[in-house]
Chemist: 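This structure is in structure tokens; I'll ask about it shortly.
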Amino acid sequence: ICSNGVNSQKPEMGQIMAKAKLWTDEEVIILHQYEKTNKSAFTLYQEVRIAGYDRTYKAVTRKIESLGFRKPKRYKTGHEISIGYLDIESTGFSANIDVMLSWCIKGRGEKKVAGAMITRDELMSGKSDKRITKELIDEMAKYDVIMTYYGTRFDIPFIRTRALFYGLDFPLYRQKSHKDLYYVVRSKLKLHRSSLMAATEFFGIDGKTRLKPDVWKKARWGDAKSLKYIYEHNIADVEILELLHRKLEEHAPPMVRPL
């Protein structure tokens, strides 16, 4: 142990330590890049893992904070720390005609899933999905990186469209970062389909369910049982999305895009 109280012993190349306690000099040097480069905390988390240390992402971000490392403002990228897994359910795919039925966001490593669903009264009135859209935008503000599955083509533009329709403050360009795991699956795996169900089944991740057409039909008209079922389906989707990300994160680059 060196004078600054960290363990300088290095594991053999490619070997993951079963239980790491003290942070090594090598790990601290890797994390120091957070304030010296435009590398994000997630990029450094991957570098720590590749170097052979069994650290969680939460442990890495907490260590960066405890060491007092701060990203200088001159770096336009790499400031991201918190990750939220997002999914929405809607009555259809066209946000100028359809409405959001529910949304869920799960913070990485968190047990609780945040979310909301529309009510029958809202569906049958002019209020529609304004409340849940506003609540979703407020929840998105808590995260630096939003993770989705096919969110580039659906979830994100749908939410943005509903927000603009109501005059709500959706994040502007570069205010948030986004990573779409659909494109990771499509580029890094060779499956018969690139759907979330196919990807999770491949990794043995349980939880992805199919919704029958009758459920969607009833939900459009505010059937409480159908709305509750869709919301539970929504919760499961963000839970398995995080599990899928954990399976793929060491096989894909950590780059993110502006929301």
Chemist: Quick one: which residue pairs count as a side chain to side chain donor-acceptor pair (under 3.5 Å) with a foot in residues 182-204, not counting sequence neighbours?
Modeler: none

Chemist: Can you name the residues that form a ring-ring contact (aromatic ring centres under 6.0 Å, His included) with Y143, not counting sequence neighbours?
Modeler: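 By the ring-ring contact (aromatic ring centres under 6.0 Å, His included) rule, Y143 matches no residue at all.
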
Chemist: Side chains of Q46 and T43: is there a donor and an acceptor less than 3.5 Å apart?
Modeler: no

Chemist: Examine distances only and state if a side-chain atom of E232 and a backbone atom of Y229 form a donor-acceptor pair shorter than 3.5 Å.
Modeler: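 Flag not set: sc E232 to bb Y229 has no pair under 3.5 Å.
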
Chemist: Considering residues at least two apart in sequence or located in another chain, which fulfil the ring-ring contact (aromatic ring centres under 6.0 Å, His included) criterion with Y34?
Modeler: none

Chemist: Does the pair S90 and D98 meet the rule for a side chain to side chain donor-acceptor pair (under 3.5 Å), with working shown?
Modeler: CA-CA 7 Å; S90 67; D98 296 293; over 6 Å; no

Chemist: Apply ring-ring contact (aromatic ring centres under 6.0 Å, His included) to F93 and list each qualifying residue two or more places apart in sequence or on a separate chain.
Modeler: F154

Chemist: For S128, give me all partners under side chain to side chain contact (heavy atoms under 4.5 Å, CB included), at least two apart in sequence or on another chain.
Modeler: V99, R162, Y166

Chemist: For K179, which residues count as a side-chain hydrogen bond (donor to acceptor under 3.5 Å, both in side chains) partner, sequence neighbours excluded?
Modeler: none

Chemist: According to a 4.5 Å side-chain heavy-atom criterion applied to Ile, Leu, Val, Met, Phe, Trp and Tyr, with indirect links allowed, do L191 and L181 form part of one hydrophobic cluster?
Modeler: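 Cluster IDs for L191 and L181 match.
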
Chemist: Measure the spacing between NE2 of H79 and NZ of K73 and express it to the nearest 0.5 Å.
Modeler: 9.5 Å

Chemist: Output a table of donor-acceptor pairs, distance under 3.5 Å, between side-chain atoms of residues 205-212 and any protein atom two or more places apart or on a different chain; print 'none' if there are none.
Modeler:
residue: K208; atom: NZ; partner: D237; partner atom: OD1; Å: 3.1
residue: K208; atom: NZ; partner: D237; partner atom: OD2; Å: 3.1
residue: T209; atom: OG1; partner: H233; partner atom: ND1; Å: 2.9

Chemist: Could you check whether any side-chain N or O of D223 sits under 3.5 Å from a backbone N or O of S226, counting only pairs where one atom can act as donor and the other as acceptor?
Modeler: yes

Chemist: Check whether any side-chain N or O of W103 sits under 3.5 Å from a backbone N or O of I132 as a donor-acceptor pair, and report yes or no.
Modeler: yes

Chemist: Would you call D54-R49 a salt bridge at under 4.0 Å N-O?
Modeler: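 A salt bridge is present here (some side-chain N lies under 4.0 Å from a carboxylate O).
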
Chemist: Got a sec: does the NZ of K71 have more than 12 other heavy atoms crowding it under 6.0 Å?
Modeler: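 Atom NZ in K71 is packed in, count exceeds 12.
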
Chemist: Scan side-chain atoms only and decide if T148 and H178 contain a donor-acceptor pair under the 3.5 Å cut-off.
Modeler: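 Side chains of T148 and H178: pair found under 3.5 Å.
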
Chemist: Under the side-chain contact (heavy atoms from CB on, under 4.5 Å) test against C104, which residue among L86, V113, I88 passes?
Modeler: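 The single option meeting the side-chain contact (heavy atoms from CB on, under 4.5 Å) with C104 is V113.
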
Chemist: Is a donor on one side and an acceptor on the other found under 3.5 Å between the side chain of K134 and the backbone of L168?
Modeler: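 Answer holds: no.
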
Chemist: Could you note down all residue pairs passing salt bridge (charged side-chain N to carboxylate O under 4.0 Å, His left out) where residues 139-156 supplies at least one of them, sequence neighbours left out?
Modeler: E139-K142

Chemist: Please collect all side chain to side chain donor-acceptor pair (under 3.5 Å) contacts where either partner lies in residues 115-125, sequence neighbours excluded, each pair once.
Modeler: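 Side chain to side chain donor-acceptor pair (under 3.5 Å) check on residues 115-125 returns T119-E122, E122-R131.
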
Chemist: With salt bridge (charged side-chain N to carboxylate O under 4.0 Å, His left out) as the rule and sequence neighbours excluded, what pairs involving residues 101-113 come up?
Modeler: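 Output for this query lists K58-E110, K106-E242, R108-E249.
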
Chemist: Looking at T161, L136, I156, which one forms a side-chain contact (heavy atoms from CB on, under 4.5 Å) with F170?
Modeler: I156

Chemist: Taking the side chain from S94 and the backbone from N96, do they hold a donor-acceptor pair closer than 3.5 Å?
Modeler: no

Chemist: Can you name the ring-ring contact (aromatic ring centres under 6.0 Å, His included) partners of F69, sequence neighbours left out?
Modeler: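 Scan of F69 (ring-ring contact (aromatic ring centres under 6.0 Å, His included), adjacent residues dropped) gives H32.
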
Chemist: Find the distance between CG (L67) and CD (E35) and round it off to the nearest 0.5 Å.
Modeler: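 Reported to 0.5 Å precision, the distance equals 9.0 Å.
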
Chemist: Check Y57, F203, F42 against H245 for a ring-ring contact (aromatic ring centres under 6.0 Å, His included) and give me the one that passes.
Modeler: F42

Chemist: Scan residues 78-94 for pairs that pass salt bridge (charged side-chain N to carboxylate O under 4.0 Å, His left out), counting only residues two or more places apart or in two chains.
Modeler: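 Listed by first then second residue: nothing to list.
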
Chemist: Using 0.5 Å steps for rounding, measure from the CG atom of D180 to the CD1 atom of I146.
Modeler: 12.5 Å

Chemist: Side chains of D169 and I137: closer than 4.5 Å at any heavy-atom pair?
Modeler: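 Side chain of D169 against side chain of I137, heavy atoms only: no contact under 4.5 Å found.
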
Chemist: Report yes if the side chains of M140 and L259 come closer than 4.5 Å at any heavy-atom pair, otherwise no.
Modeler: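 Result yes, sub-4.5 Å side-chain heavy-atom pair found.
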
Chemist: Please check if any side-chain donor atom of E239 sits under 3.5 Å from a side-chain acceptor atom of Y85, or the reverse.
Modeler: no

